[in-house]
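As a basis for the values below, the full set of heavy atoms in this structure was taken, side chains included, without hydrogen atoms, waters or symmetry mates. Note on naming: letters A, B, ... go to the chains in the order of the sequence lines (proteins, then strands), and numbering restarts at 1 for each one.
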Amino acid sequence: MTENILVCTAWPYANGDQHVGHMAGSLIPADIFARYHRLKGNRVLMVSGSDAHGTPITVKADAEGVSPRDIFERYHQRFLDTFISIGISYDLFTHTDTENHYRVAQDIFAACLNNGYIYKAAQQQFYSAAQRRFLPDRYIEGTCPKCGYDSARGDQCDNCKTLLEPTELINPHAKEDSSTLELRETEHFFLDLAALKDEIAAYLNEGKDFWRPNVINFSRNYVKDLRGRPITRDINWGIPIPLEGYDSKRLYVWFEAVIGYLSASIEWAVKEGEPEKWKDWWYQPQAKTIYFMGKDNIPFHSIIWPGELIATGRSLYNDNPEQKMNLPYNVASNEYLTMTGSKISTSRNFAIWTLDILERFDPDAVRYYLNAVAPETRDTDFTFEDFITRNNNELVATWGNLVNRMLGFAYKRFDAQVPQPGELDELDREIIAKIETGFNEAGQLIEAVKLKAAQQAVMKLAQAANVYLDRKEPWKVFKNDKEAAATTVYVILRVIDSLKILFSPFLPFTGQQLHQYLGYSGKLFGQSCKEECSEGERSHSVLRYRAENVVGRWKASQLPAGQTLQKPATLFKKLDEELAEAELSRLLGDSS
RNA sequence: UGCGGGGUGGAGCAGAGGCAGCUCGCCAGGCUCAUAACCUGGAGGUCAGAGGUUCGAAUCCUCUCCCCGCUACCA
């Protein structure tokens, strides 16, 4: 049965480039998952976008003296390039500064308000008379009450790491111009999470035992003590409140960014020319919605986003009272990737930027390694040494070499054709059967979001294929019995053809290459393309997935004898171990 | 402070009551079609520490130490 699968990845702040931590933590896992389901024949919708709002964007804009829009548009473009380069196959990657997203976010706000889940309350906040505005905590500086550090920020002291309230600071003043501050009362809208608590708890207690322990345990505990949370701020960069008289306030980014999953799905459907199609993922009860993110982001996906949907009544843009909008089916959070033992830091420029590493290494090599060390259950460490070792010993030696030796052998000895097999013996049938069971085994692991184990299982099958060759020794047999060798070569080509598919969610680029070497035409997957979209006032660039001429299917090879092979070339490059040293000094040099 | 996750041979990870497993590295042997690649065998661990439950504990319970995240204005 065809399933509808919605694959979501957390919306990245567009205030800096994407690094390998983003890739290993959520994008590559999500992409593997999406590609697998497409091969399976399921209907996949994979969406995300750049988060245009939020304090980090304005901080960066202020630092450079440009507008927040300039900042996020710059990085948004670079995100699109990054995803094309490493093959993150979004059906739509958009951003939150679109009219569509504004409308959906405002509609959700209005629905929550109408249902009584949003209330108003006054807060005391620091106001700068000189700047004539309320200041976000990040913009307030003062002396830390704990350690006496005199440049502590309103949210945290960078010296002693204590989390602070701005009112705790001694001598608080504006960071930007040192202007004095006064506490003023300001009214804000709050999402009434306390009132939603029971329904969120019921959701988390219903059939969620397959969720990862870090997510479900944390969430179930978190929901025990839910309080109202402000969803507006006194700033001018963001989405306006859809009510009269609140011109100086905007929707706070944590409320609005998660709404992007829905607004992006709607945008996608409109672009497809079937504006109602998004409902196949959001209103069909059997549809599965999977969210990928880093561990810092868990409560926004397991508590707050479900809470927002419940607060709308789960019936937005839908007339059928029988249907309820789908809450997240799975929240698949990863832990963190560290860099040679240290935390990755965008602000300290201590990171391997995805675009940068792809200038020197192939995307599949990077994808393979990042999935092999993905932080599925704990923090894991990226080292260049390990990257090179795994590339050389696993990708090149076990898989790449298997392909290279046998495609080369068939090309040279069998006239560049898939040879006609004779009768299959026990070893032949055994290896074919073994690879065929791999489709089930790897498929189940991927569906359970155990992507490291899945990749490892496929690599073990490649190893089994090498063992088979060692038993059959076609290069030796060929000298006396060309027909027996032909059978072996046929069997191994068929095995390689199956492994091509098994590896392809992980290694889509070389999978396509191999597909052609084996003499096939067509594409295993669709293509990612940039597109410019105009709305009423503005236009924006997006990434879309075009599935034309796609033939990839998650099933065992039926390689036809006689098919003409293309002249093969190596799929993976062996990397010099000295590159590790060079990359490391590059990294350390960059961060100083 | 509280909450959640994690700590397993040299490296990276799996296992969640029944002889401690996988990939890589290392050592020895085999093979030569292949990117010095492939195959076979071997060495290497008191499962962070202490106590407990059990016929039996990496696995369950208690305490301690260490790392990471959250702790509500860093989504």
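To the nearest angstrom, C1' of C22(B) lies 14 Å from CG of Leu461(A). Nucleotide C31(B) holds its C1' atom 7 Å from the NZ atom of Lys476(A), rounded to whole Å. Between the C1' atom of C33(B) and the CD atom of Glu473(A) lies a distance of 10 Å, rounded to the nearest Å. Atom CZ of Phe218(A) and atom P of G69(B) are 12 Å apart (whole Å). At whole-Å resolution of the value, CH2 in Trp254(A) and P in C70(B) are 17 Å apart. Per the geometry, CZ belonging to Phe572(A) stands 19 Å off P belonging to A34(B), to the nearest Å. Distance Leu204(A) CG to G4(B) C1': 14 Å, rounded to the nearest Å.
Dashed line: the shortest gap from a side-chain N or O of Asn217(A) to OP1 or OP2 of G5(B) is under 4.0 Å. Phosphate proximity of C24(B) to Gln463(A): present, with a side-chain N or O under 4.0 Å from OP1 or OP2. Taking side-chain N and O atoms only, Arg471(A) has no distance below 4.0 Å to OP1 or OP2 of G30(B). Look at Arg378(A) and you won't find any side-chain N or O under 4.0 angstrom from OP1 or OP2 of C67(B). For A11(B), the OP1/OP2 oxygens have no side-chain nitrogen or oxygen of Thr383(A) closer than 4.0 Å. At G25(B), one or more side-chain N or O atoms of Asn393(A) fall inside 4.0 Å of OP1 or OP2 (strictly under the cut-off).
Under the 6.0 Å distance and 45° angle rule, Arg69(A) does not count as a cation-pi partner of Trp237(A).
Judged by ring centres under 5.5 Å apart and planes tilted less than 30 degrees, Phe409(A) fails to stack against the six-membered base ring of C33(B).
Nucleotide C63(B) has G49(B) as its partner under the Watson-Crick or G-U criteria, with both atom distances under 3.5 Å. Look at G41(B): its Watson-Crick or wobble partner, with both distances under 3.5 angstrom, is C27(B). Searching all strands for a Watson-Crick or G-U wobble partner of G21(B) with both distances below 3.5 Å returns C13(B). Pairing partner, G69(B): C3(B), with both Watson-Crick or wobble hydrogen-bond distances short of 3.5 Å.
Distance from the side chain of Thr398(A) is smallest for C24(B) among the nucleotides C24(B), C33(B), C74(B).
Salt-bridge annotation for Asp497(A) and Arg494(A): absent, with no side-chain N of the basic residue lying under 4.0 Å from a carboxylate O of the acidic one.
Using a 4.0 Å heavy-atom cutoff across all strands shown, Arg220(A) reaches no nucleic acid atom at all.
Heavy atoms of other residues, nucleotides or ligands lying less than 6.0 angstrom from CD of Glu385(A) number 12 at most.
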Would you mind writing out the side-chain donor-acceptor pairs for residues 216-227 of chain A within the sub-3.5 Å range, not counting sequence neighbours?
residue   : atom : partner   : partner atom : Å
Asn217(A) : ND2  : Pro213(A) : O            : 3.4
Ser219(A) : OG   : Val215(A) : O            : 2.7
Ser219(A) : OG   : Ser302(A) : OG           : 2.7
Arg220(A) : NE   : Leu204(A) : O            : 3.1
Arg220(A) : NE   : Asn205(A) : OD1          : 3.2
Arg220(A) : NH2  : Leu204(A) : O            : 3.1
Arg220(A) : NH2  : Asp209(A) : OD1          : 3.3

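For C24(B) and U64(B), the P atoms lie 41 Å apart once the distance is rounded to whole Å.
Between Pro136(A) and Ile235(A), the closest heavy-atom pair is CG-CG2, 4.3 Å.
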